[in-house]
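Some notes on the structure that comes next.
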There are 2 protein chains.
Amino acid sequence: MTSDQPTPTLQDVATAAGVSTATVSRCLNFPDQVTKRTRAKVMQAVNALSYSPNFGARAMASRRTNTIGAIIPTMENAVFARGLQAFQDELHSYGFTMLVASTSYRADIEEEQIRALVGRGADALLLIGHERSPNTYRFLETQNVPTLITWAFDTSLTRPSIGFDNRKAMRDMALKVIELGHRNLAFISARTTLNDRAKARQSGIEDAMAISELRASDLHMVETVYGIEQGATAFEQVMKAASQTTAVFCGNDVLAVGALRRAREMGVRVPEDVSVIGFDDIELAEVAYPALTTVHVPHREMGWRAGKALAELVTNGTPIEAIELDANPVFRGTLAPAKG
Amino acid sequence: MTSDQPTPTLQDVATAAGVSTATVSRCLNFPDQVTKRTRAKVMQAVNALSYSPNFGARAMASRRTNTIGAIIPTMENAVFARGLQAFQDELHSYGFTMLVASTSYRADIEEEQIRALVGRGADALLLIGHERSPNTYRFLETQNVPTLITWAFDTSLTRPSIGFDNRKAMRDMALKVIELGHRNLAFISARTTLNDRAKARQSGIEDAMAISELRASDLHMVETVYGIEQGATAFEQVMKAASQTTAVFCGNDVLAVGALRRAREMGVRVPEDVSVIGFDDIELAEVAYPALTTVHVPHREMGWRAGKALAELVTNGTPIEAIELDANPVFRGTLAPAKG
DNA sequence: AACTCAATTGCAAGCGCTTACATTTTGTGG
DNA sequence: CCACAAAATGTAAGCGCTTGCAATTGAGTT
């Protein structure tokens, strides 16, 4: 499989074209610093050899990688996909390459991935959410890799973010739900350890309850890991442990879709008996039946703005400006006034 | 933002620990070639400096990157996500890192991404489907980067694949559909240019028609780009242009879900009036209403087997063994006997 | 034809790391 | 306590590329 002809190097091209390596390098990187004639010769050699520059060497010599890393919790569901695609497209238009890594929502893996991407020379990093170990932040500091946080927005922290206020968004949604007469609320949450978004969403519901003179402590919480099946199980738990519940909030659409499914299986009618509310507004939400009431997240805008900010930071040193975007409730079929 | 203390190098660690760079290198790569005492000293220096090795330099010096690239058409939908996650997990267990890039189903971008990943030193590549320009294959050849094809299976080609036979899978599905009395069939296909999967799926339906003594040329084809909305539009076109259609095959679940939605909007009942069939069996399929009849693809197994094969090829030189997996019809709510 | 001066090109020094090979240290048995 | 092999460490030569600086080239002038 592995033949022995070594892959061609700059040197090979130079020899083939009868010029120095410097000229080839310039021809590739700054074409107009080179005569038309030389350029032709060099390009011909490049093609003849199918030469492709060695990225590591280039990065090392030039101390620039034109690479920006993105570390997301998961690739499994489309949650981050749309935003990431927009991020990548924007970066691409600036001539940057995106490197993605996923962490399965685990802090240790995240740290490992951060190191991996930094070691690979990422000029900057895109991270999801603010909360992580001080150690990780210290590392980023000493390596002095600029980072941008997304999927959250919090100016009280030093690190810039381009995202939305999870707490406020969920509060707004919860207020609407309470307005519809719901008093017995439950919340199926994703794991909250080192996940500020999950915590913020919970706080949002509690805020709304407090405002509406309900006792925040009455919120029936179930914490579970990510997944449709887990959402289903959690829903069943909720209905068993707190059968008077009329509105089930879910930390994200995936859990909500699971809840929906189990409701159907259990003969619980949505939204007649119980309302179900998601968060994220991914494709799943629209396709589910009944279509899911959820909090719409501006995936694409978040993605491209983040891409733009990072690209400009790296190329021109333009400091990142924190941007708060809106995340608004979208009302679809799974929400109805409380019965009775 | 960018402070001026340069990031620490191997040399810095060596100095701090009072040893040579060679020792630090060995300590990091082959810990047991080094005294416990030295190791302690070095590790302490490493931590104190938050040192992280420069990947490019390492790759260049050792001619190994421990990186395997995967190039997929899109990250937007979960189509490739699950398989990719499994691929990544498997690679990770072998100590490899995965690099992903997406092409938006465009051949030119694919070629660009292949070059990018190869330039980054990917030890091997995972590609989707067999069909691509000879030029691309030539490049892979001269760079001598081993590649594995997935999401397809075809032993008639030289390049090894671990996947399933799209044509056969779709044929089996179509036979069942025809068996249920459907005679007027339509196919909403993804773009077929440089997409052997799409073509194979079409051929599969045609095979089934031929077997069942229908005229393959009667299959009403609509070709469109990827997306729920596009699926919806295509469905409408089909119903207008060939209103007697009773079964609409879709090239993938995303299109099918779009078709489903438009059917509802148009007042066409699924499956009473028209049956809808997808392909891929991604989460969307299960969540859709009615749940989608589709061809189940063994995402996870394909992913981990590919990961294993590539990892073993790179580490031990074990040649890749082509593996054909099964992709079977899954019958859910959107398929019913033809009416009348 | 001699002379500027700017545009091209070549030279060579690294970038941060690994790894043969050489050297030193350590541990062992006599 | 010494000789000697084995283990640990150090030395230094690159890996393939970029880039500051010097040398060369070739117009354009006088």
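Below, read A as the first sequence line, B as the second, and so on, with proteins coming before strands; counting in each chain starts at 1.
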### Any residue meeting side chain to side chain contact (heavy atoms under 4.5 Å, CB included) with Arg115(A), in chain and number order, not counting sequence neighbours
Glu111(A), Phe139(A), Ser52(B)
### Task
Enumerate the residues from residues 39-52 of chain B whose closest heavy atom to DNA chain C is under 4.0 Å, giving them by residue number; use none for an empty result.
Tyr51(B)
### Task
Would you please name every residue forming a salt bridge (Lys or Arg N to Asp or Glu O under 4.0 Å) with Arg300(A), sequence neighbours left out?
Glu76(B)
### Task
Mind listing the residues from residues 57-69 of chain A sitting with a heavy atom below 4.0 Å of DNA chain D? Number order is fine.
Ala57(A), Arg58(A), Met60(A), Ala61(A), Ser62(A)
### Task
Would you indicate whether Gln44(A), at its atom CD, is surrounded by more than 12 heavy atoms from other residues, nucleotides or ligands within a distance under 6.0 Å?
no
### Task
Locate the shortest heavy-atom distance separating Arg197(A) from Tyr105(A); write the atom from each residue and the value.
NH2-CE2, 4.2 Å
### Message
Which residues in residues 12-24 of chain A have a heavy atom closer than 4.0 Å to any atom of DNA chain C?
### Response
Val19(A), Ser20(A), Ala22(A), Thr23(A)
### Minimum-distance pair of heavy atoms, taken over all atoms of Ile162(A) and Ala309(A)
CD1-CB, 3.8 Å
### Query
Taking for each residue the nucleotide of DNA chain D bearing the nearest heavy atom, is the 5' side occupied by Arg26(A) or by Thr9(A)?
Thr9(A)
### Residues Leu125(B), Ile68(B); criterion side chain to side chain contact (heavy atoms under 4.5 Å, CB included); working and verdict
CA-CA 6 Å; Leu125(B) 243 39; Ile68(B) 291 182; over 6 Å; no
### Message
From NZ of Lys36(A) over to P of dA7(C), roughly how many Å is that when rounded to an integer?
### Response
18 Å
#### Entry: Main-chain N/O of Ala101(A) paired with Gln88(B) side-chain donor or acceptor, under 3.5 Å
no
### Task
Taking the side chain as every heavy atom from C-beta outward, state whether Trp304(A) and Asp89(A) have any pair of such atoms under 4.5 Å apart.
no
### Task
Hey, could you give me the CG/CZ distance between Leu28(B) and Arg58(B), rounded to the nearest 0.5 Å?
6.5 Å
### Message
Heavy atoms within less than 4.0 Å of DNA chain D: which residues of residues 111-125 of chain B have one? Give them sorted by number.
### Response
none
### Query
What are the two closest heavy atoms between Ser102(A) and Ile109(A), and how far apart are they?
O-CG2, 4.0 Å
### Task
Using side chain to side chain contact (heavy atoms under 4.5 Å, CB included) as the criterion, list what pairs up with Ser93(B), not counting sequence neighbours.
Glu90(B)
### Summary
Heavy-atom closest pair (Pro160(A) atom, Leu148(A) atom, distance to 0.1 Å) is O-CD1, 3.5 Å
Could you give the side-chain donor-acceptor pairs of residues 312-325 of chain A under 3.5 Å, partners two or more places apart or in another chain?
residue	atom	partner	partner atom	Å
Glu312(A)	OE2	Tyr94(A)	OH	2.9
Thr315(A)	OG1	Ala311(A)	O	2.5
Glu324(A)	OE2	Lys168(A)	NZ	3.1

## Note on the structure
Hits for ring-ring contact (aromatic ring centres under 6.0 Å, His included) against Phe96(B), two or more places apart or cross-chain, chain-then-number order -> none
### Query
In whole Å, what is the span from the CZ atom of Phe30(A) to the P atom of dT9(C)?
15 Å
### Query
Hey, what's the ring geometry for Trp151(B) with His299(B), parallel, tilted or perpendicular (30° and 60° as the breaks)?
perpendicular
### Task
May I ask you to evaluate whether Thr35(A) reaches the phosphate of dT8(C), defined as a side-chain N or O under 4.0 Å from OP1 or OP2?
no
### Query
Does atom CZ of Arg106(A) have more than 12 heavy-atom neighbours from other groups under 6.0 Å away?
no
Output side-chain donor-acceptor pairs under 3.5 Å for residues 19-27 of chain B, partner residues at least two apart or in another chain, one line each.
residue	atom	partner	partner atom	Å
Ser20(B)	OG	Ala22(B)	N	3.4
Ser20(B)	OG	Thr23(B)	N	3.3
Ser20(B)	OG	Thr23(B)	OG1	3.2
Ser25(B)	OG	Asn29(B)	ND2	3.4

### Summary
Gln11(B) atom CD is separated from dC17(C) atom P, nearest whole Å, by 9 Å
#### Entry: Angle by which the axis turns from one end of the helix from dA1(C)-dT30(D) to dG30(C)-dC1(D) to the other, five pairs per end, to 10 degrees
40°
### Summary
Nt span of DNA chain D in reach of chain A heavy atoms at under 4.0 Å, 5' end first, is dG16(D) to dG20(D)
### Task
Give the intermediate values and the outcome of side chain to side chain donor-acceptor pair (under 3.5 Å) for residues Thr147(B) and Arg159(B).
CA-CA 7 Å; Thr147(B) 52; Arg159(B) 216 157 283 271; 2.6 Å; yes
